[in-house]
Amino acid sequence: MDATRLWPLEGVVQRYAWGSRTAIPEFLGVAPDGEPQAELWLGAHPNAPARVRPDAGDAASLDACIARDPDAVLGADVARRFDGQLPFLVKVLAAEAPLSIQAHPNSEQAIEGFAREGRRGLPRTAETRCYRDPHPKPELICAIAPFRALSRFRSAADIEARITALRVPELETVLVPLREAPDRDGLAAFFQRWMTLGDAKRAGILGRVVAAASVRSASDPACAEVEHLAGVYPGDPGVLAPLFLNLVELQPGEAMYLPAGELHSYLRGVAVEVMANSDNVIRGGLTPKHVDVDELLSILSFASGDVDVMHAVPNGSHEARYATPNPEFAMSVVQPGAAGWRSPGSRGAEVVLCIEGRLRATDASGRNIAMDTGSSLFAPAAAKGYTLHGGGTAFRVHAPPPGG
């Protein structure tokens, strides 16, 4: 594969039960097949590497193409900093039902957890495994259609007020730690007490919670979400989550950053998700998959307060960037128009995803690649500068240089 040219990509569709049956096919411009399609992966993670489409012949997996010449494909700096691996993964996420309430580890937690589960003899693909690789997983989620999520603990005062308003006496003992210490420690103790209640006891409490929430659901979106979650996962501890996590509504173009240890759940909608190149998920509920409450408690940051809804900030002609602090990825939105947009001549590897309209990508050799909505390409570092033209919009994802 010639690393001096742009590479068209074919993403890998992941078919999880919570996925939409129509959103990803519509995005890709193909007919639905009647089955849920939850995520479209555009990266080099070994669990589902994207395919590079050559001019002729069979496609090759992106991870294999990178392994042949990491310096040329990734750029020498990126290859050195990330051990010859593409440090980010791009996904299109289409949620028709709630995803699990979950968090992701930081670098130290991922390394230790991956090694610990390896010593136990768990295969990397085992359903009971939390750590599938030794990498952290900070995330940026950016809506391309209205998107609803739960993220970050509400303030102690807000949690207490919302739960008290339901007038469910059995929840009073759960609130005791929060009332005694309305800080991080009290929040951690409250969450642990709720998550480790016996299943039968919790199910009985939730029955009364849902009945009380249904009375308030018409005027309180969080109570409406409690009622909805109870219909999907009756008796699950995550049913209470809208009362202790912020309910976030993202409109197209709005984004939310999730650092390591941030408790969250995606509820429904379509978005582009960018993350470090990891598949590490520690779940606490709202899922038929493996749940490990003890491990979840051990990695949570218990950050609380309002969620910052992000907007892209202009950082050059026809481009605006979502500011994130992590070293693995940066994402910007490009709207080149007729005048066009040119990439930096010296750069690392990039993934470009057309999210609407039509674009034309041109590499240094003069080769043109037509991009419609749903099309994506990989720009190896050795391809140097490339241009985008047209009336469409693209997300550009790359590894930022150190300090930038």
(message) Strictly below 4.0 Å, N to O, side chains only: are E160 and R154 in salt-bridge contact?
(response) no
(message) We want to know whether W41 and E39 form a side-chain donor-acceptor pair, criterion being a heavy-atom distance below 3.5 angstrom.
(response) yes
(request) For the pair F153 and F302, name the ring-plane relationship: parallel under 30°, tilted 30 to 60°, perpendicular over 60°. (result) parallel
(request) Measure the OG-CG distance between S278 and L89 for me, rounded to the nearest 0.5 Å. (result) 9.0 Å
(message) Closer than 4.0 angstrom, basic N to acidic O: yes or no for K137 and E139?
(response) yes
(message) If the threshold is 4.0 Å, N to carboxylate O, is there a salt bridge linking D306 and R152?
(response) no
(message) Between R148 and E225 (salt bridge meaning N to carboxylate O under 4.0 Å), is one present in this structure?
(response) yes
(message) Hydrogens and angles aside, do R179 and T164 bring a side-chain donor and acceptor to less than 3.5 Å of each other?
(response) yes
(request) Please test N368 against T362 for side-chain hydrogen bond (donor to acceptor under 3.5 Å, both in side chains), starting from the C-alpha separation and ending with a verdict. (result) CA-CA 4 Å; N368 292 317; T362 306; 2.6 Å; yes
(message) So, applying salt bridge (Lys or Arg N to Asp or Glu O under 4.0 Å) with E117, which one of R124, R129, R132 is it?
(response) R129
(request) Would you confirm whether R360, through its side chain, and H389, through its main-chain N or O, come within 3.5 Å as a donor-acceptor pair? (result) no
(message) When you compare the side chain of L150 with that of I101, does any pair of heavy atoms fall below 4.5 Å?
(response) no
(message) Quick check on side-chain hydrogen bond (donor to acceptor under 3.5 Å, both in side chains): which of R367, E350, R342 does Y386 satisfy it with?
(response) E350
(request) Evaluate the salt bridge (Lys or Arg N to Asp or Glu O under 4.0 Å) criterion for residues E227 and R216: first the C-alpha distance (whole Å), next the side-chain angles of each, then the deciding distance (0.1 Å), finally the verdict. (result) CA-CA 10 Å; E227 191 175 21; R216 306 166 65 89; over 6 Å; no
(request) With side-chain contact (heavy atoms from CB on, under 4.5 Å) as the test, would you mind laying out the steps for L258 and S151 before giving the verdict? (result) CA-CA 8 Å; L258 295 159; S151 182; 3.2 Å; yes
(request) Could you tell me whether a side-chain N or O of R208 sits under 3.5 Å from a main-chain N or O of V168, the two making a donor and an acceptor? (result) no
(message) Between E35 and R15 (salt bridge meaning N to carboxylate O under 4.0 Å), is one present in this structure?
(response) no
(message) Between the side chains of E96 and R268, is the shortest nitrogen-to-carboxylate-oxygen separation below 4.0 Å, so that they form an ion pair?
(response) no
(request) Starting at OH of Y322, measure out to CZ of F395 and round the result to the nearest 0.5 Å. (result) 4.5 Å
(message) Quick check: H264 with H104 (ring centres under 6.0 Å apart)?
(response) yes
